[in-house]
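Before any comments, here is the structure.
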Amino acid sequence: MKPKITYFLRLLLGGVFLVLIFALSVWIVRVSGIHFPAPLLGVILLCLLLKLPFFPQVLVQDICELLLKHMTLLFIPLTVGIMAYAGTIYHNLTPILAAIFVGTFVSMILTALLIENTIKLIKWRNLKKGRHN
């Protein structure tokens with residue numbers, strides 16, 4: 001019975017830590033006045049913390065594994081929101097679809113250009129160092 005209690009406590013502690021990271025990111029956005037999504041800032045803060053050598057990664061490991069395992073449940077509010085705003089979405093369908101397709105096309109082109117230039121840079125550096133691939 002003891003391992004289940006320990007697991008539950010690790011889940012609870014990890015969940016509290018994630019909520020604190022989110023609350024910190026919301027506070028930073030409010031205080032600084034920057035126009036940046038607080039959840040994204042929270043993810044960035046968590047990633048930075050996980051890169052620190054002294055940060056105990058096991059603190060959030062169990063809760064993150066649980067959330068990833070049941071991630072599909074997190075899409076239910078999104079689906080309900082889409083159904084609740086179906087009329088608004090229908091009336092703005094053209095700009096929404098345009099944003100989706102243009103955004104996808106632009107990101108594909110930018111990604112291709114970035115990869116192409118990165119490959120050229122790597123080849124140039126190798127040639128500069130005298131290595132031939």
- Task: Can you measure from CD1 (I82) to CZ (F75) and round to the nearest 0.5 angstrom?
- Result: 10.5 Å
- Message: Check this for me, if you would: do K69 and E65 make a salt bridge, where the nitrogen-to-carboxylate-oxygen distance has to be below 4.0 angstrom?
- Response: no
- Task: Quick one: pull up CD in Q57 and CG in L52 and give me the separation to the nearest 0.5 Å.
- Result: 9.5 Å
- Do W27 and F22 belong together in a cluster built from hydrophobic side chains that touch within less than 4.5 Å? no
- Out of curiosity, does L48 fall in the hydrophobic cluster containing L40 (side-chain heavy atoms, cut-off under 4.5 Å, transitive links)? yes
- Task: Scan residues 13-22 for pairs that pass side chain to side chain donor-acceptor pair (under 3.5 Å), counting only residues two or more places apart or in two chains.
- Result: none
- Query: In Å and rounded to the nearest 0.5 Å, what is the CD1 to CE distance from I89 to M83?
  - Reply: 11.0 Å
- State yes or no: do V102 and L110 share one hydrophobic cluster built from I, L, V, M, F, W and Y residues joined by side-chain heavy-atom distances below 4.5 Å, directly or via other members? yes
- Query: Just wondering, are more than 12 heavy atoms of other shown residues or ligands nearer than 6.0 Å to CZ in F36?
  - Reply: yes
- Query: Can you list the steps and then say if I21 with V43 is a side-chain contact (heavy atoms from CB on, under 4.5 Å)?
  - Reply: CA-CA 8 Å; I21 289 289; V43 169; over 6 Å; no
- Query: Are I44 and L46 linked, directly or through other ILVMFWY residues, by side chains that come within less than 4.5 angstrom of each other?
  - Reply: yes
- Item | Heavy-atom neighbours of F55 CZ exceed 12 at 6.0 Å | yes
